[in-house]
Amino acid sequence: MNSLKIKILVLFLISGFVLQAKTFQMKTSSELVECFDFVELTFLTKKLKVQNPFTDVSVVAVFTSDDGVKNTVEGFCDEASGKIFKVRYMPRTAGVYNFTVEIKIKGKSEKYTGIFTVVKSERNGPIRVDAVNPWHFIYENTGKHYFWNSTTTYWMLGWKDDKIITDAIDRLAGYDINRIRVAMNGRAHGGSRWYEDNVVESEKFTFKLNPWLAERPDDLDNPGFDVTRFNLKHWQKLDRLLLRAREKGIIVSLIYYVDGLDHGCDPFKKTNMGNEDEQRYYRFAIARYSGFENIMWDVTNEYHLFRSDEWVEKMGKLIQEKDPAKHLISVHGHSDFPFRASSWVDVVMFQSWDECGGYNFIADSREKQKATGRILPQINEEYGYEQHYSPWGCGATAGKERPDGRSAENRVQLAWEICMAGGYQTTGERADFGTGAGEDTGGGWINGRGNEKMTMLRYYKIMKDIFEQTEYWKLTPANQLVSFGNLCLAEEGKQYLIYSRVQHCRLYLPAGQKYKVWKINPNTGESEQLADADSDVDNFAWQYRRNLDENTVFILKRINE
């Protein structure tokens with residue numbers, strides 16, 4: 001060894017430094033990223049020696065834009081033995097970003113740094129509450145308004161073949177469905193749990209979702225979940241689902257539990273709810289999916305059946321704190337919503353069935369929301385799925401046998417009521433065509449698959465198309481302007497949307513104004529332009545002077561002279 005090498009070695013020994021290579025090799029998905037896409041940092045290693053990479057390793061990244069704004073993002077393990085960790089981050093502004101990633105392994109820390117450039121894009125970005133018209137939604141990046149047209153697909157992750165998931169998403173996108181409800185965790189013995197006897201376990205489909213590794217993954221009631229270790233195949237399938245939905249412009253509402261009271265779905269129970277392990281479950285999903293523009297969070301489905309209000313508040317605040325992109329957050333409850341004024345809530349969601357969840361329900365909900373001093377969108381998230389349950393009705397009619405009561409036509413009429421009251425809704429297709437039984441071509445609200453015989457969503461697409469012919473976000477309920485029990489939304493003196501369910505329709509108008517008038521069939525979308533309306537000619541009103549024999553929509557738009 002020459003004298004120079006000896007001197008260098010001595011200096012390191014004296015100083016207490018030892019040359020040591022870092023544990024991971026870092027790769028960046030791209031050095032050029034679009035706004036509202038995500039950059040993915042991957043950390044690869046062959047020499048990590050820990051007992052449990054999900055608990056013994058922490059990965060935290062700080063991204064700093066060139067204007068000094070910092071965002072902290074947690075990373076996640078994506079290989080069971082700890083050979084792969086990832087960080088996903090969605091930049092929301094253009095510019096140059098620097099990042100520092102700190103990886104702690106049993107208390108020892110390593111840091112990695114890098115840089116990438118973000119360019120403007122035409123992506124929609126996440127949906128937000130419209131700050132100007134806060135009963136409604138807007139896309140963050142494009143500023144386009146978002147008409148919530150949603151359906152339930154709880155067990156979409158139960159499909160074992162990705163192609164079935166892809167085909168289901170593509171079909172729903174063809175109906176302009178722009179939001180689906182997807183469970184990350186749920187277990188059921190079969191569709192007979194909800195009297196849907198034709199949806200059963202099969203070679204293609206399972207009701208047993210396993211977000212954690214399990215000793216007995218096929219055991220319905222006692223899977224033996226290890227809540228400290230995640231089943232990565234399950235989560236990687238959800239990655240692919242979200243990417244396809246993003247491609248098709250569909251928001252995915254990620255639900256942490258569906259029917260958490262059932263079977264082995266909830267390994268924490270009330271005894272351990274909200275503990276460190278359950279928080280790890282919530283944080284893992286946030287780390288994995290906060291980089292996607294097309295998600296929102298549902299703390300859980302029907303929380304009141306297996307959790308407390310205090311737990312909802314705790315987990316809602318956790319999501320709000322940990323999600324750097326601040327996607328919309330809500331929780332699915334029942335006909336009440338005790339979290340209207342909570343800071344973490346962005347959307348108020350209910351479950352109120354049949355006519356009890358229609359016009360008057362939403363109108364009353366809006367008044368309750370106004371009383372909090374904070375306006376938020378109101379959603380009836382579940383008001384009875386198509387052809388689902390024969391005992392029908394609500395209030396005095398509850399429990400009556402009406403096997404045909406929840407037809408596609410009946411459901412869409414309720415949807416019109418909900419939207420004409422200034423709210424939004426989530427529907428669900430019939431499941432009786434089956435999965436693993438019957439025709440085995442459907443699954444509907446249970447798993448999202450449909451066939452050409454299922455016509456329900458055609459009506460909802462027409463409803464969305466009609467609303468989007470107006471500046472609906474500027475409209476407010478104004479039934480006092482119409483007669484004969486019709487429903488009206490208005491920006492008075494400028495535009496009107498009328499849903500007529502009776503034979504006659506008359507609208508009161510300000511003096512001295514003229515309007516273009518359209519008559520639209522809400523079942524077919526067929527539109528006819530009528531003669532212009534002149535409020536001075538007919539005593540400050542407009543009236544359709546023929547009897548109506550079916551539900552009809554009228555749109556009036558002021559003519560600017």
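Below 30°, between 30° and 60°, or above 60°: for F284 and F230 the angle between ring planes is below 30°, a parallel geometry. Using the six-membered ring where Trp is involved, W155 and W194 have ring planes that are tilted, between 30° and 60° apart. Taking the six-membered ring where the residue is Trp, F306 and W311 present tilted rings, their angle falling between 30° and 60°.
Taking every heavy atom of both residues into account, F350 and R340 meet most closely at CZ-NH2, 3.4 Å. Looking at every heavy atom in both residues, S109 comes nearest to E102 through OG-OE2, 2.6 Å. Of all heavy-atom pairs between V299 and G316, the closest is CG2-CA, 4.0 Å.
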**OP:** Walk me through it: do W297 and Y282 pass the test side chain to side chain contact (heavy atoms under 4.5 Å, CB included)?
**Re:** CA-CA 10 Å; W297 304 109; Y282 277 69; over 6 Å; no
**OP:** Please test D78 against R88 for salt bridge (Lys or Arg N to Asp or Glu O under 4.0 Å), starting from the C-alpha separation and ending with a verdict.
**Re:** CA-CA 12 Å; D78 205 30; R88 290 172 178 163; 5.3 Å; no
**OP:** Go through the steps to decide whether L414 and W353 satisfy the test side chain to side chain contact (heavy atoms under 4.5 Å, CB included), and finish with yes or no.
**Re:** CA-CA 10 Å; L414 269 172; W353 279 45; over 6 Å; no
Original post:
Can you check side chain to side chain contact (heavy atoms under 4.5 Å, CB included) on V87 and F63, steps first, answer last?
Top reply: CA-CA 11 Å; V87 174; F63 293 86; 3.9 Å; yes
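Taking the charged nitrogens against the carboxylate oxygens, E140 and K326 have no contact shorter than 4.0 Å, which rules out a salt bridge. The residues D440 and R449 are annotated as salt-bridged, a charged nitrogen and a carboxylate oxygen being separated by less than 4.0 angstrom. Between D336 and K368 there is no salt bridge, since no side-chain N of the basic residue sits under 4.0 Å from a carboxylate O of the acidic one.
Sorted by first and then second residue, the pairs that involve residues 345-360 and meet salt bridge (charged side-chain N to carboxylate O under 4.0 Å, His left out), not counting sequence neighbours, are D354-R406, D354-R411. For residues 157-191, there are no disulfide (SG to SG under 2.5 Å) pairs, not counting sequence neighbours. Residue pairs meeting the disulfide (SG to SG under 2.5 Å) criterion with at least one partner in residues 226-296, sequence neighbours excluded, do not occur; the list is empty. Judged as a ring pair (Phe, Tyr, Trp, His ring centres under 6.0 Å), the pairs with a partner in residues 159-179 (not counting sequence neighbours) are, in order, W159-F205. The stretch residues 298-324 participates, sequence neighbours left out, in these salt bridge (charged side-chain N to carboxylate O under 4.0 Å, His left out) pairs: E74-K322, D266-R307, E278-R307. Sorted by first and then second residue, the salt bridge (charged side-chain N to carboxylate O under 4.0 Å, His left out) pairs with a member in residues 184-211 read R193-D259, R193-D262, E201-K208; sequence neighbours excluded.
A donor-acceptor pair under 3.5 Å is formed between the side chain of N178 and the backbone N or O of F147. In this structure a side-chain-to-backbone donor-acceptor pair under 3.5 Å is present from Q369 to R374. Proximity of a side-chain donor or acceptor of E417 to a complementary backbone N or O of Y359 within less than 3.5 Å is detected. Using a distance-only test at 3.5 Å, with no hydrogens or angles considered, a donor-acceptor pair links the side chain of T151 to the main chain of T427.
Applying the ring pair (Phe, Tyr, Trp, His ring centres under 6.0 Å) rule to F433 yields no partners; only residues at least two apart in sequence or on another chain are considered. Every residue two or more places apart in sequence or in another chain that forms a salt bridge (charged side-chain N to carboxylate O under 4.0 Å, His left out) with D167 is listed here: K163. Residues passing the side chain to side chain donor-acceptor pair (under 3.5 Å) test with D219, sequence neighbours excluded: none. In terms of the disulfide bond (SG atoms under 2.5 Å apart) criterion, C35 has no residue partners (sequence neighbours excluded). Partners of R240 under the salt bridge (charged side-chain N to carboxylate O under 4.0 Å, His left out) rule, at least two apart in sequence or in another chain, are D162. Under the rule for a ring pair (Phe, Tyr, Trp, His ring centres under 6.0 Å), the partners of Y385 that lie at least two apart in sequence or sit in another chain are H388, W445.
In the displayed structure, K70 atom NZ is contacted under 6.0 Å by at most 12 heavy atoms of other residues, nucleotides or ligands. For E401, the CD atom counts as densely surrounded, since its 6.0 Å shell holds more than 12 non-hydrogen atoms of other residues, nucleotides or ligands. Heavy atoms of other residues, nucleotides or ligands lying less than 6.0 angstrom from NZ of K269 number more than 12.
Under the side chain to side chain contact (heavy atoms under 4.5 Å, CB included) rule, Q378 has a single partner from Q425, R366, M349, which is R366.
You'll find the ring centres of F137 and Y424 inside the 6.0 Å limit. Aromatic pair F54/W212: centroids not less than 6.0 angstrom apart. Annotation: Y303 is not in aromatic contact with Y257 [ring centroid separation under 6.0 Å not met].
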